[in-house]
Protein chains: 2
Amino acid sequence: MPRNREFDIEQALDQALNAFWLKGYAATSMTDLMAAMGLSKSSFYQCFGSKREALLAALSRYSVRELAETRLHFNSAEPVAPLLAAWVRHSIDSGACRPSQRCGCLIVNVAVELAPHDGEIEEAVRHHLDKLAAFLADTIQRGYADGSIPKRFEPAQSADMLLNLIAGLQVLAKGGVEAHRLAAIVDVQLDCLLGQTH
Amino acid sequence: MPRNREFDIEQALDQALNAFWLKGYAATSMTDLMAAMGLSKSSFYQCFGSKREALLAALSRYSVRELAETRLHFNSAEPVAPLLAAWVRHSIDSGACRPSQRCGCLIVNVAVELAPHDGEIEEAVRHHLDKLAAFLADTIQRGYADGSIPKRFEPAQSADMLLNLIAGLQVLAKGGVEAHRLAAIVDVQLDCLLGQTH
DNA sequence: CTTGTACTGGACCGACCGGTCCGATATAGT
DNA sequence: ACTATATCGGACCGGTCGGTCCAGTACAAG
């Protein structure tokens, strides 16, 4: 009868996710990971296979979590426009994997660092981006139907524009651009999309 | 009388810049750098001081170059709007440090990888972003004056929106998003800013 | 008790990391 | 020729990298 595992896989993976999110992949050493996860190397490799595979698992986990939270946010009988505005504004705050740390968005971080050089990572990134875009497009279509969003662009175009907006904001935030400028960018973009500022 | 230096500093720095641009800072080893620059370690350290200092020098060089090219692009008697549209569209193509490689934008890459953890790098990033934003704001003001851009937003707001647009595009491109979607994002955004699509 | 099994700890591995050191070298002046 | 000087080459450094290995351990079943 085998010895029982002493740690919880999902919890350990969350810790790994946070470590990668904070420092990036290359700059996070195995020592960093072991410290974050509270595991020995043997337990880590036994369970996750390799550093890269741990990252892939973390990406998947992050994606599932983000998409679920997004769906929950829009799961309301309220008109879509204010929900959308709140969601975009919230995205500026969500790049904090730790208090007072600017971690950005794990997908964005990994897209920049690894996607051009690793096909499987790129697929994971694409998978997330495409699913989010599809959900946003449906949501915008809903906004057209409920009349809260003026039909100015194809839903897919607006969705991609939102993706781009969020990605850009994460970069500028990590680069140290002031919060009031980020908020102003959001105002301008919401004006374009929804036809009013607040 | 001292021995003469056998390499050109600017040229070596360009090669270093390309190496960092392609692989990122942490993932570019000293061996990679020496191969790219064609130098021995002694020559490198004698001249540049450290890996990090070489990156700072490369960032500065990239920034000067990008800002100069941008100024040149807008140094025209033509109305601003079409110049702006062409400049934004060109930005999608300029993320290729090498043929067939998606390198994105060095400033964006470094903002994501290093800025939150290194104050001096963050300053360099901020310096570039702020200078570019200031130039774009002046340019947009010029567009208001020549009548080619409708006065919908404060020039600084529009400039920041453009910064955000470019940053987001670089991320999505590195993440593998198709070119036609990127082009459509540009169309939508130019419509918002200039009041027409092409 | 023994057995079989998965898990754990920690020593170990070859390779690599950024950087140091110093003799050899190129160069012009005397 | 010698001298002074900055540059170059490459051996070397201590530490770190991701990953391997195997004895020890925990556990339930027989």
Side-chain angles (χ1 to χ4, degrees), chain A residues 1-59 106 109-110 113-115 117-121 124, chain B residues 1-59 109-110 113-114 117-121 124:
Chain A
M1 190 62 178
R3 177 178 173 173
N4 297 319
R5 180 173 288 123
E6 295 177 10
F7 62 92
D8 177 71
I9 294 185
E10 305 296 329
Q11 188 167 72
L13 196 49
D14 275 339
Q15 305 302 343
L17 187 160
N18 286 338
F20 286 130
W21 197 359
L22 178 65
K23 299 187 70 172
Y25 180 72
T28 301
S29 67
M30 290 306 299
T31 304
D32 294 332
L33 268 188
M34 298 309 102
M37 296 167 100
L39 302 184
S40 70
K41 285 206 196 169
S42 298
S43 298
F44 173 85
Y45 283 105
Q46 161 63 26
C47 189
F48 297 103
S50 70
K51 186 184 177 187
R52 180 171 166 280
E53 280 177 59
L55 177 66
L56 281 165
L59 278 177
L106 182 62
N109 297 346
V110 169
E113 185 186 350
L114 298 167
H117 307 291
D118 186 320
E120 208 172 350
I121 300 278
Chain B
M1 188 61 177
R3 177 177 174 172
N4 296 320
R5 180 174 288 121
E6 295 177 9
F7 62 91
D8 178 72
I9 294 184
E10 305 297 330
Q11 189 168 70
L13 197 49
D14 274 339
Q15 304 302 342
L17 187 160
N18 285 338
F20 287 131
W21 197 359
L22 177 65
K23 299 186 72 172
Y25 179 72
T28 302
S29 66
M30 291 305 298
T31 304
D32 295 331
L33 268 188
M34 297 313 103
M37 297 167 96
L39 302 185
S40 69
K41 283 205 197 171
S42 296
S43 297
F44 174 84
Y45 283 105
Q46 163 64 24
C47 190
F48 297 104
S50 70
K51 184 183 176 187
R52 181 173 165 279
E53 280 175 60
L55 176 66
L56 281 165
L59 278 178
N109 297 346
V110 169
E113 185 185 351
L114 298 167
H117 308 291
D118 186 320
E120 209 172 348
I121 299 276

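All figures in this text were calculated on a predicted structure; none of them were measured in a lab. Each chain gets a letter, A, B and so on, in the order its sequence line appears, and its residues count up from 1.
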Chemist: Using every non-hydrogen atom in the two residues, find where Ala54(B) and Leu13(B) come nearest and quote the distance to one decimal.
Modeler: O-CD1, 3.9 Å
Chemist: I want to confirm an ordering. Mapping Gly49(B) and Asp32(B) to their closest nucleotides on DNA chain C, which one lands closer to the 5' end?
Modeler: Asp32(B)
Chemist: Has Thr31(B) got a side-chain N or O lying under 4.0 Å from the OP1 or OP2 atom of dC17(C)?
Modeler: yes
Chemist: When the distance from OH of Tyr45(B) to C1' of dA11(D) is rounded to whole Å, what number comes out?
Modeler: 15 Å
Chemist: Taking N or O atoms only and anything under 3.5 Å, show me the protein contacts with nucleotides 6-8 of chain C, one pair per line.
Modeler:
| unit_1 | atom_1 | unit_2 | atom_2 | d |
| --- | --- | --- | --- | --- |
| dA6(C) | N3 | Arg3(A) | N | 3.4 |
| dC7(C) | OP1 | Arg5(A) | NH2 | 2.6 |
| dC7(C) | OP2 | Gln46(A) | NE2 | 2.4 |
| dC7(C) | O2 | Arg3(A) | NH1 | 3.4 |
| dT8(C) | OP1 | Glu6(A) | N | 2.6 |
| dT8(C) | OP2 | Ser43(A) | OG | 3.1 |
| dT8(C) | O5' | Ser43(A) | OG | 3.4 |
| dT8(C) | O4' | Arg3(A) | NH1 | 3.2 |

Chemist: So Thr28(B) and Leu55(B), side-chain contact (heavy atoms from CB on, under 4.5 Å) or not? Walk me through it.
Modeler: CA-CA 11 Å; Thr28(B) 302; Leu55(B) 176 66; over 6 Å; no
Chemist: Please report the distance, rounded to the nearest Å, between CG in Leu55(A) and P in dG18(D).
Modeler: 13 Å
Chemist: For Arg52(A) and dG19(D), what is the distance between atoms CZ and P respectively, to the nearest whole Å?
Modeler: 10 Å
Chemist: Return the value, rounded to whole Å, for the distance between atom NZ of Lys51(B) and atom P of dT20(C).
Modeler: 15 Å
Chemist: Apply side-chain contact (heavy atoms from CB on, under 4.5 Å) to His117(A) and Leu22(B), showing your working.
Modeler: CA-CA 9 Å; His117(A) 307 291; Leu22(B) 177 65; 4.1 Å; yes
Chemist: For the pair made of CE in Met30(A) and C1' in dC13(C), what is the distance, rounded to whole Å?
Modeler: 15 Å
Chemist: Rounded off to whole Å, could you give me the CZ-to-P distance for the Phe44(B) and dT20(C) pair?
Modeler: 11 Å
Chemist: So if I apply the side chain to side chain contact (heavy atoms under 4.5 Å, CB included) rule between Leu33(B) and each of Lys23(B), Lys41(B), Lys51(B), which one comes out positive?
Modeler: Lys51(B)
Chemist: Any donor-acceptor pair under 3.5 Å joining the side chain of Lys41(B) to the base of dG19(C)?
Modeler: yes
Chemist: Could you tell me the separation between the CG atom of Leu33(B) and the C1' atom of dG18(C), rounded to a whole number of Å?
Modeler: 11 Å
Chemist: Can you find a side chain N or O atom of Ser29(A) that sits less than 4.0 Å from OP1 or OP2 on dT16(D)?
Modeler: no
Chemist: Start with the C-alpha gap between Trp21(A) and Asn109(A), add the side-chain angles, then the distance that decides, and say whether side-chain contact (heavy atoms from CB on, under 4.5 Å) holds.
Modeler: CA-CA 8 Å; Trp21(A) 197 359; Asn109(A) 297 346; 3.7 Å; yes
Chemist: Between Asp118(A) and Arg52(A), does the side-chain contact (heavy atoms from CB on, under 4.5 Å) criterion hold? Intermediate values first, please.
Modeler: CA-CA 10 Å; Asp118(A) 186 320; Arg52(A) 180 171 166 280; 2.6 Å; yes
Chemist: Phe48(B): which residues meet the ring-ring contact (aromatic ring centres under 6.0 Å, His included) condition with it, sequence neighbours left out?
Modeler: Phe44(B)
